[in-house]
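The next block holds one structure in the form of C-alpha cells; read it before the comments.
Values in this document were obtained by computation on a predicted structure and should not be read as measured data. Values below: all heavy atoms of this structure, side chains included; hydrogens, waters and symmetry mates excluded.
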Amino acid sequence: MFAKNKKNKSVVVLIVSVFWIGYVIASAVQFYLNVKELTDREVERRLIQMRFVQESFTPLVITENFTQLKDRLEGARNLFLIDFYILQNGPEVVLWYNNFDNLAGINVDYQNFNQTLETDKLAIRTIKLMDYRFTVGVFQDKNQIMLQTALSMKGLILQDLLIVTLIVGLVVYLFLKDILDITQILSNRDRSKLASIKTLSKEGRTLLQATQTYESTKKYLEHENRYYSDSLTPAILHEMKSGQKAPYAFQSTMIRVDLNGYTQIFLDKKDEYVTEIMNTYFIKARELIERYNGLIYQYVGDEIVFHIKEDKQNSQALALACLRSVFEAAQQIEASLPEGADHYFKVKGSFVLGKIRFVNQDSGFALSGLPLIESARLLSQVDDKASSSVTFYAEAADSVEGLCTVSDTKETLLKGFSKPSTLFRAKDFTTVTEALQKDVSLLTYFRSDEDLCAAYEFLSAEIEAGKDQSFFTAFGILKTYKVRMSGEMQAEAFTSFLRTILSANKVGKANDKVLSAAISLASNFVPSYLVKESLLEVLSSCLEHTDPRVQANTIIVLGDLAEDIAFLRRFVYSKNNRVSADALLVSGKRNMDKELAEKLKEYLDSKNPLFVASGRFVVKSLGEHYKSVDPVFYETNPHLKELVSRLTG
C-alpha cells in the first residue's frame with residue numbers, strides 16, 4: 001500500500017511540475033515578447049522626447065540664460081526625458097551632467113550636428129547655435145530596460161505563479177480519485193472500462209495512450225518489422241538477428257526472378273499502370289517467397305533476388321517450387337490484365353546452390369559469393385520471352401527430380417568462367433495433385449493458395465477412404481507453415497476441409513486424433529482478417545466433442561482467432577486437466593483477473609502433481625507472455641505478480 005501511495009504522489013508531483021514548468025515557459029515567452037515590444041516603443045518614445053527637449057530649450061541657449069537652462073535640463077532629467085547633457089562654447093564647458101559624474105566621458109569634440117547617433121547602449125544628438133554646441137542624450141540599453149521592467153513587476157509575477165500553482169494542485173487533488181481509478185483499470189486487461197470514467201482531466205487519456213503502445217505482441221512486431229523493412233531487406237535483417245558476427249559463410253541457394261519485357265512495359269504504359277501491376281506482383285511474390293522459407297535480399301527494378309538456406313532442407317527443390325508458384329501468380333496477373341493491355345506478364349528465374357558470405361561493409365551489411373554472380377549469368381541465358389521458365393545447372397537435376405520436366409539443355413561458357421557449363425531449363429512442372437498421388441511428402445514443395453486448396457481436397461478424399469497415414473504425413477508438413485496473407489478461397493477451402501473431417505469423425509471414418517490435429521492447423525492457415533462465422537461454427541461444434549484433445553486444441557485455436565472468447569471461460573472448470581489448463585492459458589492471455597488467479601492457486605496448491613505441473617506451466621507462460629507483450633500489465637497486475645512470485649520465490 002505504501003508503494004502505491006508513493007507512486008501516486010510522484011505522479012501528482014510530475015503532473016504539477018510539468019504543468020507549472022509549461023506555464024512558466026509559456027508565460028515567460030509571452031512576457032518576453034510583450035516586454036520586448038514595450039521596450040522598443042519606450043526607446044522610440046525617448047528618442048522623440050530627447051529631440052523635443054533639445055529643440056524646446058534652444059532659445060535659452062541663444063539668449064545665454066544658462067541658469068534657467070540648467071533648471072529646465074535638470075527637470076527634464078528628473079522626468080527621465082533625457083539622461084545626460086553638455087553645453088560647450090568652443091573648448092569651454094558651460095553646463096554638463098552625466099550619471100557617472102565624469103566630465104571627460106562626455107566632453108568630446110562633437111561634429112555631427114542635427115543627427116541622432118545611436119549605439120546599443122545610448123543615443124545622442126548635437127545642435128550648433130552660434131559658437132555653442134548643445135548635446136543631449138539618453139540611455140537605451142534594451143536588456144537593462146527589460147530587466148527593470150521585470151523587476152518592477154516581480155510582485156505580480158510571483159503572485160500569478162503562486163495562484164496558478166495552487167489552482168493546479170487543487171485540480172490534481174480533486175481529480176486524484178480519477179487517476180487512481182484509471183490506474184486500477186490499467187492493471188486489468190479489460191481496458192474498455194476506461195470509457196465509463198467521467199472526468200474532465202486529460203490524465204486518463206494520457207495513461208490510456210501509454211498502455212496502447214503495449215496492446216499486443218502482434219502490433220509491436222508489426223511496428224518493428226515495418227521499421228526495419230524500411231531500411232533493411234529480410235535477408236540482411238535475418239542475419240543481423242542471428243547473433244553471429246560477420247563475416248561468416250553458409251550454404252544457400254541463391255534465386256533470381258525477373259519479369260520478361262519489363263523495359264517495354266515501362267516505356268509503353270503510364271506510371272500508374274506500371275506501379276499498380278508491379279505492386280500486385282511484388283506483394284504476391286513476397287508472400288510466396290516467405291512461405292518457401294525464402295529471404296529477400298534485393299529488389300532491382302523488376303528483379304527479385306532472394307535465397308533459401310540449405311540447413312536440413314533441400315533448398316534447390318524449394319527454390320524451384322517457389323519459382324513455380326511465382327510463375328503461377330504471374331500467370332494469374334496476366335489473365336487479369338485489362339483488354340488491350342497488349343503485353344505478356346511472364347517471368348524467368350534461375351537458382352544456384354553455393355556458399356554465401358555475410359559481410360560487414362562500410363555502409364552496412366551485404367551478401368557476397370559466387371552464387372550471386374552465377375545466378376545472374378544463368379538468367380542472362382534466357383532468350384524466350386513468351387513463356388515463364390527456370391534455369392539451373394545440370395548438377396541440380398537430382399535435387400529437383402519429380403518436380404519439373406526439363407524442356408531443353410544448353411552447353412555454354414558463362415561470362416567470366418573458364419569452363420563450359422551444362423544448363424537445364426524447365427517450363428513444365430509437376431502439379432500438386434500429381435505429386436500427392438505419387439508421394440504425400442512432396443507436399444512440402446507446394447505452398448501457394450491453389451496448392452493448399454488442392455491438398456485439402458486430396459486429404460479429404462484420403463480421410464473419406466480411411467487412409468489416416470496420408471493425413472499424418474501431410475500434417476507433419478502443414479504444421480510448419482504459417483500463412484500471413486491469403487485469399488478467401490484458401491480460407492474457405494480450409495473451413496470446408498475441417499468440416500469434412502468433423503463429419504467423417506462423427507460417422508467413424510476419421511478418429512479423434514485426426515480431428516484434433518486438423519483443428520490445430522486453423523491458426524496456421526486462416527489469418528485473423530479472414531476468419532468468418534462459418535469457421536467459428538465448425539470450431540464451436542468441436543468444443544462439444546467428448547475427446548479432451550479435440551476440446552483443448554479447439555480452445556487454443558479459438559483463443560487465436562475469435563474476437564470474444566468469454567464463452568471459453570466455462571472450460572476453466574473442466575475436470576480434464578489439459579482442457580482446464582488450456583482454457584486458463586487462453587483466457588489469461590486476454591485478461592488476468594481474480595477468478596483465474598484463484599483457479600491457478602488451486603492448481604499450485606493441489607496434491608495432484610499433474611495439476612501442479614499444469615499450474616506452473618500456465619503461470620510461467622502467462623508471465624513470459626505479458627513480460628514481452630504488455631510490460632505495464634506485467635508490473636501492475638497484482639494477481640499475476642503474486643502468481644509469478646510463487647514460482648520464483
Taking atom types as modelled and ignoring hydrogens, do the side chains of Ser574 and Asn576 form a donor-acceptor contact shorter than 3.5 angstrom?
no

Quick check: do Leu498 and Leu539 have side-chain heavy atoms less than 4.5 Å from each other?
yes

Indicate yes or no for a side-chain donor-acceptor contact from Asn637 to the backbone of Met592 under 3.5 Å, with no hydrogens or angles considered.
yes

Less than 3.5 Å apart, any donor N or O on the side chain of Tyr603 or Ser580 sitting next to an acceptor on the other?
yes

Give me the atom names and distance for the closest heavy-atom approach of Asp449 to Gly487.
OD2-N, 3.1 Å

For residues 460-467, please give each side-chain donor-acceptor pair under 3.5 Å, one per line with the distance, not counting sequence neighbours.
{"residue": "Ser460", "atom": "OG", "partner": "Tyr456", "partner atom": "O", "Å": "2.7"}
{"residue": "Glu462", "atom": "OE1", "partner": "Ser470", "partner atom": "OG", "Å": "2.8"}
{"residue": "Glu464", "atom": "OE1", "partner": "Lys509", "partner atom": "NZ", "Å": "3.4"}

Do side-chain atoms of Thr473 reach the backbone of Gln469 as a donor and acceptor pair under 3.5 angstrom?
yes

Does the Lys NZ or Arg CZ of Lys513 fall within the cation-pi geometry relative to Phe472 - under 6.0 Å from the ring centre and within 45° of the axis?
yes

Is the shortest side-chain heavy-atom distance between Leu452 and Tyr481 below 4.5 Å?
yes

Going by atom types only, do Gln316 and Thr253 share a side-chain donor-acceptor pair under 3.5 Å?
no

Parallel, tilted or perpendicular: which describes the rings of Phe358 and Tyr248, with under 30° parallel and over 60° perpendicular?
tilted

Name all pairs fulfilling the salt bridge (charged side-chain N to carboxylate O under 4.0 Å, His left out) condition that reach into residues 471-491, sequence neighbours left out, sorted by first residue then second.
Glu488-Lys532

